[in-house]
K.L.:
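Before I ask anything, let me first share the structure, which is written out below as structure tokens.
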Amino acid sequence: MSSLKHDFFDANTGIIDRRMFTDEAIYQEELKKIFGRAWNFVCHQSQIPEPGDYFMNWIGEDEVIVVRDREGKVNVLLNSCPPRGNTVCRAELGNTRSFFCSYHGWNFDLNGSLIGMPGEDVFYRSGIDKKEWGLTPVAKVDDYKGFVFATLDPDAPPLDEYLGWVGRLGIDFMATQGEVEFLDGVQKNRIQCNWKIAVDNLYDWYHVKVSHGSAMKLGVLSDESMSPMEQMVMLGEYGHGIGGPGISEERYQESEERIRTGEGGKIWYDRDVVKRMRPGVAEQLGPVGKRSFGHPNIFPNLWVALTHQVCLRIPRGPYETELWWFAYRLKDAPEEENLFYQNSQNHLFGPAGLLEQDDGENWSHSTRGATGTLAKTRPLNLSMGLGADKMSQDPSGQVGVETVVNEHGQRWHYQSWQEWMNSESWQELMTNHSMPPGEIV
Amino acid sequence: MSSLKHDFFDANTGIIDRRMFTDEAIYQEELKKIFGRAWNFVCHQSQIPEPGDYFMNWIGEDEVIVVRDREGKVNVLLNSCPPRGNTVCRAELGNTRSFFCSYHGWNFDLNGSLIGMPGEDVFYRSGIDKKEWGLTPVAKVDDYKGFVFATLDPDAPPLDEYLGWVGRLGIDFMATQGEVEFLDGVQKNRIQCNWKIAVDNLYDWYHVKVSHGSAMKLGVLSDESMSPMEQMVMLGEYGHGIGGPGISEERYQESEERIRTGEGGKIWYDRDVVKRMRPGVAEQLGPVGKRSFGHPNIFPNLWVALTHQVCLRIPRGPYETELWWFAYRLKDAPEEENLFYQNSQNHLFGPAGLLEQDDGENWSHSTRGATGTLAKTRPLNLSMGLGADKMSQDPSGQVGVETVVNEHGQRWHYQSWQEWMNSESWQELMTNHSMPPGEIV
Amino acid sequence: MSSLKHDFFDANTGIIDRRMFTDEAIYQEELKKIFGRAWNFVCHQSQIPEPGDYFMNWIGEDEVIVVRDREGKVNVLLNSCPPRGNTVCRAELGNTRSFFCSYHGWNFDLNGSLIGMPGEDVFYRSGIDKKEWGLTPVAKVDDYKGFVFATLDPDAPPLDEYLGWVGRLGIDFMATQGEVEFLDGVQKNRIQCNWKIAVDNLYDWYHVKVSHGSAMKLGVLSDESMSPMEQMVMLGEYGHGIGGPGISEERYQESEERIRTGEGGKIWYDRDVVKRMRPGVAEQLGPVGKRSFGHPNIFPNLWVALTHQVCLRIPRGPYETELWWFAYRLKDAPEEENLFYQNSQNHLFGPAGLLEQDDGENWSHSTRGATGTLAKTRPLNLSMGLGADKMSQDPSGQVGVETVVNEHGQRWHYQSWQEWMNSESWQELMTNHSMPPGEIV
Amino acid sequence: MSGVEQLSVQERMLLKHEVEEFLFMEAELLDSRCFDDWLSVLTEDIHYWMPIRRTTTAREVEREFTKPGGMAFFDDDLDYLKMRVDRLRVGRAWAEDPPSRTRRLITNIRVTDIKGEEVAVGCNFKLYRTRLNSEEDSWIGRREDTLRRVDGHFKLARRHIFLEQTVILSQNMSSLF
Amino acid sequence: MSGVEQLSVQERMLLKHEVEEFLFMEAELLDSRCFDDWLSVLTEDIHYWMPIRRTTTAREVEREFTKPGGMAFFDDDLDYLKMRVDRLRVGRAWAEDPPSRTRRLITNIRVTDIKGEEVAVGCNFKLYRTRLNSEEDSWIGRREDTLRRVDGHFKLARRHIFLEQTVILSQNMSSLF
Amino acid sequence: MSGVEQLSVQERMLLKHEVEEFLFMEAELLDSRCFDDWLSVLTEDIHYWMPIRRTTTAREVEREFTKPGGMAFFDDDLDYLKMRVDRLRVGRAWAEDPPSRTRRLITNIRVTDIKGEEVAVGCNFKLYRTRLNSEEDSWIGRREDTLRRVDGHFKLARRHIFLEQTVILSQNMSSLF
Ligand code: FES
Ligand code: FES
Ligand code: FES
Ligand SMILES: [Fe+3]
Ligand SMILES: [Fe+3]
Ligand SMILES: [Fe+3]
């Protein structure tokens with residue numbers, strides 16, 4: 001039975017069979033079933049404001065051109081030219097009038113349509129249907145509040161439905177802060193780890209004190225902000241999730257009170273509460289969401305960080321992942337606020353980041369270790385908090401669990417991954433996938 | 001049915017399934033069914049004039065020693081020593097009295113026979129049949145007008161029959177010019193492309209203006225010579241072909257006339273016609289062949305270029321091809337003529353060549369692009385001129401089509417490749433292979 | 001039938017199918033069936049004298065920590081941490097109080113037991129059985145005269161039984177010389193060869209004069225010692241063997257006589273006979289063993305060299321082997337004796353060794369050559385001395401053959417390898433494996 | 001480069017030698033892990049910067065680097081550099097425990113300008129880093145350094161690092177350039 | 001090397017410095033893609049040559065390189081070098097669009113001879129080239145340059161390049177050495 | 001380094017130049033396979049040593065190298081170095097037949113001490129070796145050389161080689177550093 005096909009994760013015990021990280025066949029299947037089906041983040045509207053502006057990205061191992069056409073529409077096109085499959089664009093970004101292939105000179109419009117072929121009539125005498133031989137567009141493109149996503153699967157549900165309230169909330173954390181403007185410059189580097197381990201880690205508030213012990217001792221970030229006792233988890237359909245710091249309504253009101261009485265800043269999250277007190281924001285985030293300061297992951301691989309950054313984890317084979325750090329500023333925010341964030345953006349994450357430089361070897365060794373003849377048979381334990389928490393459904397419909405450091409997010413990530421891998425189509429996935437537990441068993 | 005086993009190329013539409021470029025299993029099969037069966041060019045007689053002279057080459061991924069023995073015979077021997085399979089020769093070329101293995105000192109004569117073993121009688125007491133343990137010779141070696149070929153398959157037809165009139169004509173283009181003497185020095189470099197894409201490209205007169213646009217703008221080569229409207233294609237059994245510039249009998253006679261009246265040189269091909277007016281040459285090339293100035297490919301991978309050069313495309317895995325550029329001079333040609341060609345030989349092709357340096361990335365990206373999950377499912381369009389041309393059988397028996405830039409050669413290359421791959425033996429191939437279309441549909 | 005599963009070696013002809021060197025599936029099977037079952041040498045007691053001293057080694061592709069605990073017991077632990085499989089130790093050697101994982105800070109005692117987890121009670125609220133989640137110990141650890149071995153297979157026979165008299169004799173060659181003290185510093189380098197070819201070579205006294213011809217001509221070692229006519233072979237159950245110089249009882253007594261009369265040193269082996277004349281030594285080595293000065297191999301991959309060194313050949317894929325050269329001194333030997341050996345240790349073997357630097361390319365080319373389409377089908381000839389020798393069973397029970405240079409040891413190595421590969425378990429191997437021939441056919 | 005051209009060739013040679021002595025000493029401090037000593041040859045106001053590089057078409061090649069004040073891999077003042085050094089002391093700086101082994105090949109040293117006490121120096125570099133079982137990383141590029149004479153000795157007042165790579169091929173950049 | 005030995009060590013030092021200034025400036029022109037400026041430091045009669053290297057036995061090692069006037073990877077006069085530069089301007093020089101990122105590490109500079117206005121200089125080099133998503137090529141070898149003084153400034157009159165590689169491991173050599 | 005500091009900057013510059021001339025000449029002798037000439041620039045009492053390096057924790061980093069007198073990759077006196085050279089002549093030195101092609105990039109040359117006729121010199125190196133069809137090896141590290149003036153010319157009296165690698169990634173080290 002296909003539903004038994006992949007059985008690497010046991011939701012009842014939180015035990016993982018680590019072969020999921022190193023098997024080449026599994027990886028090939030992931031490219032089809034995960035990246036080939038999901039809505040993948042490709043860029044933010046503000047990165048390509050003008051007609052002809054383009055930004056290159058990857059959907060699994062397919063390279064795509066994300067380009068704004070003359071009508072202002074964003075198109076996502078496969079970077080592959082019909083005659084021999086040559087790439088028609090080799091820059092990472094730029095502005096162009098059309099895409100001219102360096103092999104035979106076929107020329108494509110900003111929407112991918114074939115607008116020129118050298119000697120079309122003289123050489124292609126039996127004619128060729130130009131409409132049929134443009135650059136292949138992805139199945140669907142849509143954006144949520146400026147964040148552009150694309151999917152290769154025509155059967156994928158609409159983006160809004162795909163994101164669900166958790167995915168949307170993850171983006172709202174950013175979008176409700178004001179007009180988001182992505183900065184020029186994406187930090188890219190490669191880590192010899194499986195992409196799922198990189199994603200797993202964004203939910204991992206247990207590793208911070210140890211993996212990033214040096215940064216904490218230096219006070220790069222405040223102790224409390226880096227490993228707070230109060231945690232909150234929200235899980236969404238199809239694998240989205242938010243995990244990390246989160247506080248009770250009571251604490252939230254205390255914070256508001258501090259801020260009103262000019263004592264804001266006493267606790268690290270006051271800085272965020274201030275913003276959420278701006279008109280309409282708390283309402284948009286909702287009574288549960290507003291109290292979370294955690295890490296959203298838009299399944300499969302978009303991490304929304306607290307530093308006005310998002311990080312894509314692009315698979316490059318079972319043993320390698322490319323990290324892309326995007327940063328943004330708030331157009332209308334006071335300059336010092338943006339400078340405060342840019343400071344973090346240039347010093348915490350990325351290959352030279354005071355935090356992230358210490359992650360790489362742990363991830364690569366966790367992946368590499370999975371190749372040993374004995375090692376690959378040893379179970380991995382992700383049982384932290386398993387069955388220990390109840391999720392409270394808020395009247396608003398938002399469901400969150402207020403708890404301590406845990407591995408709910410990671411388990412949800414792997415469980416969802418397994419459901420995607422065990423479904424042969426979107427239809428099957430829609431019917432088979434688990435709903436986020438109202439109560440985590 | 002084996003004939004359906006491989007179905008990557010559709011002759012009716014000219015559409016290719018690009019997985020043929022990246023699949024490792026396909027590649028392993030090619031090594032057996034294509035390179036393991038074909039007559040492969042190994043070197044020219046003039047490269048190893050003296051007894052003991054040797055030149056190393058590859059047949060697929062088997063390294064062979066091409067060596068002239070004391071009787072003046074050229075032997076082609078597998079570079080693999082019986083006790084442990086060590087290589088007995090590690091130089092690219094040289095002169096030797098015998099091949100002495102660096103592992104245990106077995107010594108082999110220039111014809112591969114085992115002539116010495118340290119302590120043969122003392123240690124090999126049960127005896128060993130020296131005749132049985134020499135270096136493995138290839139199945140057959142033969143040459144056509146000095147061009148030496150070898151095949152690993154004893155069932156291969158004789159070289160002459162294998163080449164057929166098209167393969168022979170390709171070599172005659174060179175041989176009829178005078179005594180060919182290969183120059184010392186082969187330019188070797190690696191391109192991350194599939195070998196078939198490199199072969200495909202030699203027929204490709206469509207890419208020249210674009211891929212080599214810079215060279216043309218500089219007038220490295222004359223516009224007319226690089227992308228002439230008048231083209232001629234000749235296709236031969238088993239996959240050989242000649243494609244490129246070719247002119248009508250009328251133009252040919254105009255050229256002869258110009259030359260007679262001392263106005264030769266007006267048009268680029270006058271330079272070649274002059275040579276073909278030498279006694280006997282036109283007759284040897286035939287009424288059709290003499291009017292072609294195109295690119296022959298001796299299937300699978302020997303390109304005969306117009307610059308007094310031949311280029312081997314040696315497979316190094318699905319994703320890599322090694323290019324070997326051999327150059328020759330005409331022993332009796334005026335020095336300035338040879339200098340003219342050497343100039344091209346050192347400046348047009350090879351990794352630093354003003355033309356070829358621009359090919360590599362197109363080929364490697366066309367190959368690499370075939371790995372994307374979506375990209376690999378997209379068809380490639382090789383339909384240029386499909387069904388638009390008629391082939392005229394000349395009374396002489398030569399069949400050529402006079403036309404414009406087209407993809408007849410490439411389609412023939414892929415169609416033949418598929419027939420080789422779908423045949424389990426030479427016998428099957430001989431019965432199954434298509435005859436070159438008297439009329440291309 | 002599983003017993004037919006692998007048929008790469010023909011004991012009747014000494015012919016090998018070289019695909020055993022390059023097939024990835026074979027290699028993966030070797031990791032399980034050979035390295036996953038055998039007793040593997042991990043280090044010598046003297047390398048980790050103090051509690052907390054550790055030395056890292058590999059069992060196939062599993063990295064293990066070899067560490068002495070507070071009770072003085074040596075533990076061999078898998079370097080893989082339960083939560084994500086991260087490595088808990090990244091140094092090659094050192095001394096520590098515990099193993100602290102850099103990912104989440106789990107802390108393990110010197111016997112592998114989990115002694116600390118950050119926030120165990122607060123975060124792991126459903127509790128976790130610490131006893132179940134320590135570092136995985138190997139199945140068995142034992143030592144023979146200070147040489148520590150470990151096996152991953154609980155069904156493996158006791159070390160003594162596994163070694164048998166030949167394996168034990170190989171170690172006795174070292175142990176009977178006095179108290180062995182391993183030196184600080186292991187020479188490690190990688191050769192692009194299959195590990196079996198490296199092992200095969202240690203029995204190979206045929207290659208010396210040729211592969212190491214330069215060293216011999218320089219007199220780095222005496223001609224006689226490097227390729228003596230008198231050879232002796234002893235073969236042990238499960239693939240152990242000793243091959244190389246060995247002399248008759250008569251010669252042995254002549255040597256003793258020379259030494260007694262102060263004329264010792266005339267012949268190279270007098271140096272060893274001297275030591276064997278020390279009280280009890282000859283008795284321990286036995287009437288046959290004492291007359292051998294050959295190369296023992298403890299199956300699968302531990303070579304005991306004559307230079308007070310042992311060499312591990314660690315597999316790194318079918319095409320790569322890592323060589324680890326360990327050296328020792330005799331605690332109570334005169335300083336000049338130890339200096340004499342250290343001189344050899346620093347100049348004969350290892351990547352810069354005057355002998356070994358010439359081996360690498362022969363081994364890598366013998367492996368690489370096995371990939372050619374034709375080459376891989378060519379048989380390798382290991383028939384030297386096949387059926388030409390009789391083994392004489394000594395009253396003591398020791399069985400040795402006195403002969404000349406031969407390939408008995410190599411054939412035994414490959415035959416045993418095949419028996420291991422054709423057995424699905426230790427039980428099957430114990431019942432199926434051949435006994436060393438009382439008479440080699 | 002007026003500043004430089006006013007010098008005689010002998011003066012330039014001498015200056016070049018002094019610069020070289022400083023740069024080689026400074027590189028050796030890093031290679032031999034004397035990080036505190038390294039901090040001591042920096043000026044208080046040092047700017048240590050490595051922009052992000054991107055592949056662009058020939059036509060838009062001026063967009064190759066991110067701009068000062070924008071996103072970067074390094075954009076440090078002395079405090080940040082101190083943090084990078086201090087973290088090695090406080091422990092749990094896993095990227096450097098076990099310590100990396102590095103070697104800096106500094107070549108093509110050229111004095112490009114002189115202003116008062118400051119000398120602008122360009123050089124090419126290959127920073128080689130190997131860890132554990134000889135895992136290897138190489139970072140290659142150009143540096144624009146400014147050396148300032150402080151009581152007779154050079155100190156490093158500015159270091160702008162221009163890597164050739166776009167995607168960083170290593171799992172971190174825990175080394176200093 | 002008589003030419004050199006007639007000089008005092010001080011003179012050699014000064015000459016070495018001048019040579020170095022020239023070679024580093026020239027390398028920087030190429031690395032920073034100032035190709036026209038680079039052409040301007042060549043003499044009219046420059047010979048720019050890279051022979052083909054082959055693996056031979058120790059016994060026949062004199063056959064290692066192809067001979068002058070024979071087959072070569074580069075055998076250029078000024079016109080050919082101009083073409084290599086001009087092609088970048090005229091467009092459709094795909095090997096260099098997007099432009100490669102190169103870095104020349106020039107080391108072991110030694111003055112080997114002096115004849116009138118000409119100085120023969122040997123050096124070792126590593127030419128690093130990366131393109132697109134950090135695809136990497138490295139070409140390593142030795143150069144024999146001849147510098148000629150033309151109105152007080154050096155110009156490059158001869159460049160013979162001896163790569164260590166036999167098979168060129170890259171898909172092209174669109175860079176200048 | 002008192003020895004050095006007693007020198008004026010001019011004196012240091014001159015000395016550095018002499019050292020450089022020697023080291024580049026010596027490297028070229030090896031790269032151009034003039035091994036006998038190379039032996040002739042060594043002193044009778046030369047010590048040529050390369051210890052073994054190991055990965056250790058930051059805490060135990062002092063255990064990184066094996067000690068003098070212990071296990072090593074090279075621990076040669078002149079006789080052993082002669083053997084390494086002579087073997088190439090006598091034949092059957094397969095690691096070098098076909099001969100390797102090597103290139104030594106010597107950088108960061110710094111004079112660290114002066115004692116009488118002896119000059120202690122540190123440098124960084126990349127030794128590149130390619131064989132057959134461009135198989136490649138690179139050894140990178142630091143050298144501590146001692147040069148001794150013998151009748152007015154430098155000779156190499158000591159060479160201690162500190163590679164950055166722990167596991168040697170090549171199938172042999174048949175080259176000299
Ligand atoms: S592949 Fe793009 S035009 Fe031919
Ligand atoms: S492998 Fe050639 S002689 Fe042994
Ligand atoms: S993996 Fe070791 S503590 Fe988490
Ligand atoms: Fe982290
Ligand atoms: Fe082309
Ligand atoms: Fe050997």
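All chains are named by letter (A, B, ...) in the order of the sequence lines, taking the proteins before the strands, and each is independently numbered beginning at 1.
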K.L.:
So, taking the atom named CG in A:L374 and the one named CG in C:D62, what distance separates them when rounded to the nearest 0.5 Å?
P.N.:
5.0 Å
K.L.:
Chain C: which of A:H365, A:Q231, A:M229 shares the most heavy-atom pairs with it under 4.5 Å?
P.N.:
A:H365
K.L.:
Supply the atom-to-atom distance A:M384 CE to C:E120 CD, rounded to the nearest 0.5 angstrom.
P.N.:
10.5 Å
K.L.:
For a quick check under 3.5 Å, do C:Y103 and A:N201 share a side-chain donor-acceptor pair by atom type?
P.N.:
yes
K.L.:
Does a donor on one side chain and an acceptor on the other come within less than 3.5 Å for A:T367 and C:R84?
P.N.:
no
K.L.:
Can you tell me which portion of A:Q410 sits under 4.5 Å from chain C's heavy atoms? Options are side chain, backbone, both or neither.
P.N.:
side chain
K.L.:
Quiz question: by atom type and distance under 3.5 Å, do the side chains of A:N362 and C:H104 form a donor-acceptor pair?
P.N.:
no
K.L.:
How about residues 23-43 of chain C versus chain A: which residues have heavy atoms under 4.5 Å apart?
P.N.:
C:Q28, C:L31, C:K32
K.L.:
Under 4.5 Å, counting heavy-atom pairs only, tell me which of C:S126, C:P83, C:G105 racks up the most with chain A.
P.N.:
C:P83
K.L.:
Looking only at heavy atoms, which two atoms of A:L380 and C:G85 are closest? And how far apart?
P.N.:
CD2-N, 3.5 Å
K.L.:
Output the distance between atom OG1 (A:T373) and atom CD1 (C:I59), rounded to the nearest 0.5 Å.
P.N.:
10.0 Å
K.L.:
For a side chain to side chain donor-acceptor pair (under 3.5 Å) check, start with the C-alpha distance between C:T136 and A:R378, then their side-chain angles and the critical distance, and finish with the verdict.
P.N.:
CA-CA 8 Å; C:T136 308; A:R378 305 297 304 148; 2.7 Å; yes
K.L.:
Return the option, out of A:D359, A:D200, A:I16, with the maximum number of heavy-atom pairs under 4.5 Å with chain C.
P.N.:
A:D200
K.L.:
If I measure from the heavy atoms of chain A, does C:T87 come under 4.5 Å with its side chain, its backbone, both, or neither?
P.N.:
both
K.L.:
What residue, out of A:S366, A:P379, A:G372, has the most heavy-atom pairs lying under 4.5 Å from chain C?
P.N.:
A:S366
K.L.:
What is the distance from atom CH2 of C:W106 to atom OH of A:Y206, rounded to the nearest 0.5 Å?
P.N.:
6.5 Å
K.L.:
Go through it in stages, so that I can follow the logic: the residues are A:K376 and C:E61, the test is salt bridge (charged side-chain N to carboxylate O under 4.0 Å, His left out), and I'd like the CA-CA distance, side-chain angles, deciding distance and then a yes or no.
P.N.:
CA-CA 10 Å; A:K376 79 171 68 149; C:E61 293 198 352; over 6 Å; no
K.L.:
Minimum heavy-atom separation for C:R125 and A:G385, please, with both atom names.
P.N.:
NH2-CA, 3.5 Å
K.L.:
Say you draw a straight line from OG of A:S211 to CG of C:N86; how long is it, rounded to the nearest 0.5 Å?
P.N.:
8.0 Å
K.L.:
For A:A375, which atoms come within 4.5 Å of any heavy atom of chain C: side chain, backbone, both, or neither?
P.N.:
both
K.L.:
Quick one: CH2 on C:W133 to OG on A:S383, what's the gap to the nearest 0.5 Å?
P.N.:
7.0 Å
K.L.:
Can you tell me if NZ on A:K209 sees more than 12 non-hydrogen neighbours from other groups inside 6.0 Å?
P.N.:
no
